[in-house]
Structure formats: structure tokens, C-alpha cells
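Below is one structure, written out as C-alpha cells, with a few remarks after it.
In what follows, every chain begins at residue 1, and chains take the letters A, B, ... in the order their sequences are listed.
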Number of protein chains: 2
Amino acid sequence: MNSPQNTLRERKKAQARAHVLETAHALFHRKSFDATTVESICREASISKRTFFRYFSDKESLVFGQREERLATFVEFLAEHERVENPFDALRTATRVFGARYNSKKKRLLAQQRVVLSSPALLARERAIDGDWERAIAQAFSSRSGHSPEDDLWARVLAGAIMGVVRSTVTYWFERKCEDDLTRLGLDALDYLERGFPQRAHARE
Amino acid sequence: MNSPQNTLRERKKAQARAHVLETAHALFHRKSFDATTVESICREASISKRTFFRYFSDKESLVFGQREERLATFVEFLAEHERVENPFDALRTATRVFGARYNSKKKRLLAQQRVVLSSPALLARERAIDGDWERAIAQAFSSRSGHSPEDDLWARVLAGAIMGVVRSTVTYWFERKCEDDLTRLGLDALDYLERGFPQRAHARE
DNA sequence: GTGGCAAGTGCCACCGAGTGGCACACAGAT
DNA sequence: ATCTGTGTGCCACTCGGTGGCACTTGCCAC
């Protein structure tokens with residue numbers, strides 16, 4: 001339909017965008033996100049500030065640029081699968097697919113996460129993005145059964161729990177340098193949700 | 001130890017702070033959070049901008065001022081109870097206490113939520129604050145048993161799930177004008193976590 | 001090719017949030 | 001009455017982000 005890469009205009013645009021992104025991340029690496037001003041990025045990339053904000057809506061979207069597309073991919077995937085599988089099976093399938101995908105991108109993801117961790121604003125934004133995912137999940141599950149308030153509540157609470165375990169799992173994975181198997185961690189977390197959280201021994205005396 | 005309200009200085013200060021808060025919320029009500037500039041608040045409250053930022057670290061903390069204290073209260077409560085109860089029982093007790101507290105403050109909470117909903121920045125910040133709660137919960141549960149990585153992961157995933165269901169539950173409660181019994185909703189959500197999420201009938205054909 | 005059109009860019013002035021610094025005011029102790 | 005330290009006002013400044021306008025440059029019709 002669109003996303004044409006053929007005309008010279010489009011190619012130049014994409015190239016310029018990529019160039020800005022590259023220099024920006026180089027600067028974030030050298031200094032930190034907060035300590036890097038938009039102006040310095042523009043200087044380095046030989047672009048005007050005004051133009052920068054035509055490419056990127058935010059300074060923050062230098063970091064989270066691809067997330068919207070990722071969400072779209074995920075929503076599509078989920079809508080596809082929840083048609084034939086029950087919610088948890090659909091999520092398990094998603095975990096396998098996306099877990100494998102992330103497992104193979106460890107280096108890039110770790111570098112990105114280093115940037116995110118360096119700025120409170122980015123951490124906040126990350127959580128806000130989780131909210132979008134949560135809403136998407138809730139809607140997928142809510143539309144599968146009737147639309148009574150109870151079903152709606154059930155879907156939203158489940159969606160909240162899912163994003164909660166996903167975020168904490170991924171954070172754990174990052175902290176351990178992505179050495180664990182993300183798919184395994186994710187599937188375990190989903191089992192907790194489906195079958196209930198097991199009690200730990202009460203080790204205090 | 002501290003929090004002295006006796007000297008004239010302190011009284012004046014507290015009064016000034018309260019006055020700013022009052023006028024600010026009045027303005028947020030008239031216009032919206034984003035459409036209200038700090039300067040206009042200062043003008044209305046007869047205070048200088050510089051002084052404003054000595055009272056409030058942020059424009060946003062005009063809205064979220066009490067949350068830090070709430071978190072402290074909650075953490076204290078949780079630390080107290082997880083010493084003698086298992087995690088879920090402690091959470092159930094907390095749900096009863098805090099649910100009752102919130103149920104009795106519906107009006108104030110709804111007004112505040114109206115403000116929060118009017119600004120994406122506030123919604124993001126709200127989620128960031130949830131992150132603080134999540135960390136606090138995870139730490140309380142993690143310190144109860146050994147500190148093996150597995151226990152740690154378990155505690156953090158549970159904490160993520162808890163905040164996920166709490167947030168979605170409270171959001172639902174707000175959307176329905178706080179007409180439901182918050183304690184009941186909260187306890188149901190906790191049951192989901194402890195015993196697993198029930199399957200809904202597959203209503204599609 | 002040439003000329004016109006529209007997309008893309010640069011520049012400048014501007015806004016709003018937040019900070020640093022300094023001079024002044026004022027409550028409280030002596 | 002005076003000294004002292006806290007709190008306040010004011011000013012200038014930084015940084016992210018926007019509006020507006022002039023200008024360049026790729027694209028397309030002729």
C-alpha cells in the first residue's frame with residue numbers, strides 16, 4: 001500500500017533518519033541520554049533542530065522508535081491466534097515466537113537497555129508503553145467473549161497481570177545479562193498466572 | 001523528631017503550600033493540567049515561580065504529592081504483616097484496609113483521577129509510581145525467604161503481577177464511578193493470582 | 001530540457017518547565 | 001536593637017518543543 005522506498009526522496013529521507021539515529025546513539029553511549037542535548041545531536045548530524053523534530057516527535061522516540069511497530073506486530077499476532085486458541089495458549093505461542101526473536105538480539109537489546117536505565121524519563125516512558133500493550137491485550141481478550149462488564153473486568157485484570165509478569169521477567173533477564181532463556185522464563189511466568197502462584201517455604205524463624 | 005508545626009515560620013509555610021495546592025487544583029478543574037501553566041498558578045496564588053519550585057519539585061507533584069507518603073505507609077504495613085502471614089494473606093489484609101480507606105474517599109479520588117486522565121504525562125507518571133510500589137513489594141517478599149536468584153525472580157514476578165492487577169482493578173473501579181466495592185474487586189483479583197485465572201467460555205463460533 | 005508544484009529544510013522567534021545565583025525580608029534568639 | 005539563618009523575589013539562563021515563513025530540491029508534465 002505505502003511505505004515506498006523507491007523514489008529518491010524517500011531513500012534520502014530514510015538514510016538521513018538512520019544517520020541521525022546512529023549519531024544519537026553514539027552520543028548516548030559516550031555521555032548519557034539526559035546529558036546529550038538535542039542540539040548537540042543536530043550539530044553532530046549536520047541537521048537543524050527543526051528538522052530533527054520533523055523526523056522524531058520526541059527526543060525519547062530516538063530510543064523507542066521501533067516499539068510502536070512491535071506493538072502492531074504483536075497485536076496482529078494475538079488477534080490471529082486468539083481466534084483459534086484459548087488466551088493462555090495464544091500467549092504461550094506468542095512467548096515462543098517473541099522470546100526466540102529477542103533471544104537472538106541480545107546485544108542490541110542490552111545496549112538499548114543501558115540507555116533506558118540511565119534516564120528516569122525513559123524508564124517512565126517504557127512503562128507508559130507497557131500500558132499500550134496492556135490495553136491491546138485486554139481488548140483482544142474482551143472481544144472474544146461477550147461484552148458484559150464482568151468479562152471486561154476479567155480481560156483487563158488478566159492483561160494487567162500479563163504485562164506485570166512480562167515486564168518483571170524481562171527486567172530480570174536484562175539484569176542477568178540476557179544469559180537465561182527468555183522463552184523459558186516467560187512460559188514459567190505464564191504458568192504462574194494460569195495455575196496460580198506457588199507458595200514459597202516460610203524461611204523466617 | 002521532626003515535622004514541627006509549632007513555629008510561626010513552619011505554620012506559614014504549610015499554609016502557603018496548601019494555598020498553592022488549592023488554587024492549582026481549582027485551575028486544573030477549570031482548564032486542564034496541560035493547559036495550566038505554572039506561571040498562571042503563581043500569579044493566582046501570588047507567589048513567584050522560583051518559590052513555587054521550592055515548594056514542589058515538579059508541576060506533576062501538585063497531583064501526586066501524597067503518593068510517596070502513601071507508599072511509605074503501605075511498605076510499613078506490608079513489612080509488618082509479611083512477618084507473620086504468608087504473602088497472599090498479608091496482601092488480603094492490605095486490600096481490606098486500603099480498600100476501605102479508598103472507598104471512603106471516593107469523591108476526592110474521582111476528582112483527582114479526572115485530572116490525571118486529562119494529561120498523558122500524568123498517566124505516565126502514575127505508572128512510574130506503580131513501579132516504586134512494585135519494587136517495594138518485591139523486596140518485602142524477597143527478603144522473607146532465601147536470596148537465591150530463583151526466589152528473587154519469583155518475588156519480582158509476583159510483585160509485577162500484583163501491581164498489574166491492582167492498577168487494572170482500580171482503573172476499572174474509577175471508570176465505573178467508584179460504585180463497586182473496591183475491597184471486593186481487589187480480593188477477587190488476588191484470588192485470580194493465587195489460584196490461577198479461570199477460563200472464560202469460548203463464545204466465538 | 002524547462003518550468004511549475006509540493007515536499008522537505010533551515011532559520012528565527014517563541015513558549016513552558018525547571019535551575020542557579022544573588023539581594024533582600026523577616027521570624028527567632030541574644 | 002541586633003544579629004543570624006531561613007525563606008522569598010527577581011533575573012538570566014538552559015533545554016525540549018512549536019509556529020511561521022522563506023528557500024531549496026526532487027518530481028512530474030509538457
For [Y], does its backbone N or O pair with a side-chain atom of [X] as donor and acceptor, under 3.5 Å?
X        : Y        : answer
A:Trp133 : A:Leu71  : no
B:Ser40  : B:Thr36  : no
A:Trp173 : A:Asn103 : no
A:Lys59  : A:Phe33  : yes
A:His25  : A:Gln112 : no
A:Ser119 : A:Val115 : no
B:Arg167 : A:Gly160 : no

Using whole Å, what does the distance between atom C1' of nucleotide D:dG16 and atom CG of A:Leu122 come to? 14 Å
Taking atom P of C:dT9 as reference, at what distance in whole Å does atom NZ of A:Lys13 sit? 7 Å
Any ion pair linking B:Asp132 and B:Arg67 (charged N to carboxylate O, less than 4.0 Å)? no
In terms of side-chain geometry, is the basic nitrogen of B:Asp89 or B:Arg92 positioned less than 4.0 Å from the acidic oxygen of its partner? yes
Quick one: list whatever passes side chain to side chain contact (heavy atoms under 4.5 Å, CB included) with A:Lys12, sequence neighbours left out. A:Leu8
Go through the structure and list residues passing side chain to side chain contact (heavy atoms under 4.5 Å, CB included) with A:Arg184, not counting sequence neighbours. A:Asp181, A:Leu187, A:Asp188
Would you call the rings of A:Phe77 and A:Phe98 parallel, tilted or perpendicular, where under 30° means parallel and over 60° means perpendicular? perpendicular
Testing the 3.5 Å rule here: is there a donor-acceptor pair between the side chains of B:Glu134 and A:Ser168? no
Name the pairs: protein N/O against N/O of nucleotides 11-13 of chain D, kept only if under 3.5 Å.
none

Hey, can you pull the residues of residues 23-46 of chain B with a non-hydrogen atom under 4.0 angstrom from DNA chain D? none
Numerically ordered, the residues 51-63 of chain A set in heavy-atom contact under 4.0 Å with DNA chain D is A:Phe53, A:Arg54, A:Asp58, A:Lys59
Distances under 3.5 Å between nitrogen or oxygen atoms of protein and nucleotides 27-30 of chain D:
unit_1: D:dC27; atom_1: OP1; unit_2: A:Thr7; atom_2: OG1; d: 2.3
unit_1: D:dC27; atom_1: OP1; unit_2: A:Leu8; atom_2: N; d: 2.5
unit_1: D:dC27; atom_1: OP1; unit_2: A:Arg9; atom_2: N; d: 2.8

